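Report on the following structure.
All of these numbers come straight from a predicted model, not from anything done at the bench.
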Amino acid sequence: MSRHGAAVVVLLAVLGTVLPLTGSAGAAVAPYPLRVVDVNAFDQPGFLGVQDLAAGGRYTLVTNGVGSWARLDLDSGDTLPISFSGAFGRVSLSDDGRFAYGAFESTITRVEVATDSIARFTVPFVNDFRLESVDDGDASGRYLLITAESGGLATIRVFVFDTQRSQLVTPEPVGVSNATNVRAVGMSDDGRFVETSDYVVGGGSSNLVLWDRETGQRTTILPPAGYDSGLFGDWVVSPDREWVVFPSSDAGIVPGLDAGWRLYRRHMPSGATQVVPVPYVWYLPVGVAAGGRVVGQTLRPSADGSDLAQAFTWDGAGPALVVSRGPNGAEADSSIEQMMVNADATRIVFSSSATNLVPGSDPNAFTRRLFTVSLPPIGGVNADAVVRPGETYCLAAVGADPGDFVGVNVTPLLAVAPGFGVLHSSDDAPGGTSNVNFGPGTVDPNVAFAKVGTDGRICFTNSVLGPVHVLLDLLIVADAAVFRSPSTSGSVRLA
């Protein structure tokens with residue numbers, strides 16, 4: 001699934017300083033690199049903050065708050081202005097940082113940042129919907145995920161817009177339910193599957209819903225059992241929907257714990273749940289990656305009452321680490337702002353006016369800067385057994401030669417959402433049919449046949465509906481003369 005004018009000159013001073021970190025109890029830990037990027041050349045009032053971060057973590061969107069934006073390459077320090085003109089409440093980057101999107105009334109403006117080429121699209125809304133935000137929906141940039149608000153209907157709804165045809169995929173909103181507000185979460189690369197978050201005013205429930213725009217089927221994936229937002233914010237879910245982080249005050253979320261506000265991390269396929277050892281008393285989950293790394297904000301109480309927001313991360317063991325620390329290990333002396341994390345939680349960005357994060361800063365100067373923290377990749381739980389949404393997993397057909405046919409018992413396990421899988425030759429695409437269907441938490445084996453590819457392998461391709469563990473047992477090897485494929489593109493559905 002997937003989730004920026006006048007010319008602007010941005011000068012950068014990059015201080016590549018590696019800062020020592022400590023855990024919440026003060027114990028020394030391995031340092032993470034904290035890099036400070038001063039963005040100084042916006043016209044007054046100067047650099048305001050970071051507005052978006054591309055999924056890969058290389059590009060971020062910075063703004064001066066008065067209608068000027070620039071794309072910053074966090075790897076090289078290069079900056080490109082974004083030539084928007086007009087009023088935009090929110091600007092966003094595509095997942096790869098190639099495009100920037102702005103929305104106003106019913107017009108979408110898309111800028112290709114490197115070439116400064118501009119395209120505009122008019123969305124043919126019904127009723128009185130007005131654009132609130134636009135997010136790049138798929139890898140090609142064809143489908144856009146739109147959140148729009150209707151004052152007359154007092155609702156927020158999600159639409160899918162096709163830029164090639166300049167039309168809505170459907171004139172009605174995506175996945176309409178009884179929820180008062182529906183917001184965009186993500187969309188598959190082909191634009192078929194859409195994730196939305198439903199919020200029922202007064203009902204207190206917030207649901208992550210997967211909508212198949214071809215069939216109209218809606219599947220509720222979240223909230224997790226025991227979810228209770230209260231004053232502590234919403235849940236966050238990993239891009240592969242294998243992990244969810246949520247607050248709750250209920251007793252027994254983890255056996256033996258009494259009632260009380262805590263932050264929890266749950267592995268969705270197995271249901272295993274842990275308390276996130278957030279330092280201090282307040283927390284806001286920002287993101288969770290495949291592999292379970294949690295990134296968020298925590299509030300440090302201070303003696304003078306000016307509580308300071310800090311950035312933390314936790315990989316599932318030991319204390320959560322506060323990463324907004326200066327060279328001497330002290331936590332930021334001013335709250336972090338506009339914190340974001342990329343899809344695999346290897347890059348955190350935030351803005352802050354803290355003076356002790358930058359060596360030699362004037363402690364009396366109020367200067368907002370951009371900070372980035374780079375984290376090492378984190379591995380998944382039983383990663384070798386998990387097939388991610390839309391992923392193809394190939395393996396050698398033991399004892400078979402290229403061109404042979406094999407019979408395989410395919411057993412899906414620990415699925416998060418209803419889905420299906422296709423067994424096929426490594427030489428062929430998966431085709432348009434399924435060999436096995438499964439549901440959340442069920443065990444649904446089925447026997448399928450596939451031709452061994454020229455590299456000696458067969459493949460299992462998962463649907464985009466959610467991650468699944470899979471067991472593949474080879475039952476029989478047959479000479480190619482015994483079987484004949486109906487086509488080179490895989491199986492053919494007859495009825």
Side-chain angles (χ1 to χ4, degrees), residues 1-8 10 39 42 49-64 67-124 130-148 158-169 174 183-195 239 338 340-344 347 349 370:
M1 287 279 178
S2 6
R3 270 193 221 310
H4 271 213
V8 179
V10 180
V39 186
F42 277 125
V50 56
Q51 193 164 352
D52 199 9
L53 177 65
R58 177 177 177 180
Y59 297 105
T60 190
L61 180 73
V62 293
T63 177
N64 68 351
S68 294
W69 294 270
R71 188 191 74 180
L72 170 64
D73 186 332
L74 291 170
D75 291 340
S76 68
D78 295 334
T79 318
L80 289 176
I82 298 173
S83 298
F84 280 125
S85 59
F88 298 96
R90 177 177 177 268
V91 176
S92 61
L93 284 175
S94 60
D95 282 350
D96 58 3
R98 176 184 175 189
F99 294 110
Y101 293 90
F104 181 71
E105 300 288 352
S106 61
T107 300
I108 298 171
T109 300
R110 181 175 70 189
V111 176
E112 187 169 7
V113 181
T115 64
D116 209 29
S117 60
I118 296 176
R120 289 187 173 87
F121 310 95
T122 300
V123 182
R130 296 157 57 100
L131 285 165
E132 183 181 86
S133 64
V134 176
D135 293 283
D136 198 14
D138 70 326
S140 68
R142 173 174 180 177
Y143 296 103
L144 302 180
L145 201 53
I146 298 170
T147 301
V158 174
F159 299 82
V160 179
F161 182 74
D162 185 337
T163 61
Q164 287 188 8
R165 298 182 178 182
S166 291
Q167 66 183 29
L168 294 170
V169 169
V174 167
R183 293 189 179 276
V185 177
M187 181 161 57
S188 62
D189 283 351
D190 60 2
R192 173 176 175 178
F193 296 96
V194 179
E195 285 181 332
Q338 302 161 310
M340 297 177 185
V341 62
N342 69 327
D344 65 0
R347 178 96 69 174
V349 299
L370 178 66

Do Asp75 and Arg347 come within less than 4.5 Å of each other through their side chains, counting heavy atoms only? yes
Do you know which two heavy atoms are closest between Thr79 and Ala70, and how far apart they sit? CG2-CB, 3.6 Å
Of all heavy-atom pairs linking Val91 and Leu61, the shortest is O-CD2, 3.4 Å
So, taking the atom named CD1 in Ile146 and the one named OG in Ser133, what distance separates them when rounded to the nearest 0.5 Å? 9.0 Å
Distance-minimising heavy-atom pair for Tyr59 and Leu53: O-CD1, 3.4 Å
From Thr60 OG1 over to Leu370 CG, what is the distance, rounded to the nearest 0.5 angstrom? 6.0 Å
So do Arg71 and Arg58 actually touch side chain to side chain, heavy atoms under 4.5 Å? no
Is there a side-chain contact between Phe99 and Val111 in this structure, where contact means two heavy atoms from C-beta onward sitting under 4.5 Å apart? no
Report the C-alpha distance between Leu145 and Val158 in whole Å, list the side-chain angles of each, state the deciding distance to 0.1 Å, and finish with yes or no for side chain to side chain contact (heavy atoms under 4.5 Å, CB included). CA-CA 7 Å; Leu145 201 53; Val158 174; 3.8 Å; yes
Contact check, side chains of Thr122 and Ser166, non-hydrogen atoms, under 4.5 Å: no
Are Ile118 and Thr109 close enough that some pair of their side-chain heavy atoms sits under 4.5 Å apart? yes
Might you point out which heavy atoms bring Asn342 and Gly56 nearest each other, and give the distance in Å? ND2-O, 3.4 Å
Any side-chain heavy atom of Ile108 sitting closer than 4.5 Å to one from Tyr101? yes
Write down the atom of Val160, the atom of Tyr143, and the distance for their closest heavy-atom approach. CG1-CD2, 4.0 Å
Between the CG atom in Leu80 and the CG atom in Asp116, the distance rounded to the nearest 0.5 Å is 9.0 Å
To the nearest 0.5 Å, how far apart are CZ in Phe161 and CG in Leu131? 9.0 Å
Restricting to non-hydrogen atoms, name the atom on Gln51 and the atom on Met340 that form the minimum distance, rounded to 0.1 Å. O-CE, 2.9 Å
Arg165/Arg142 under side chain to side chain contact (heavy atoms under 4.5 Å, CB included): CA gap, chis, key distance, verdict: CA-CA 9 Å; Arg165 298 182 178 182; Arg142 173 174 180 177; 3.7 Å; yes
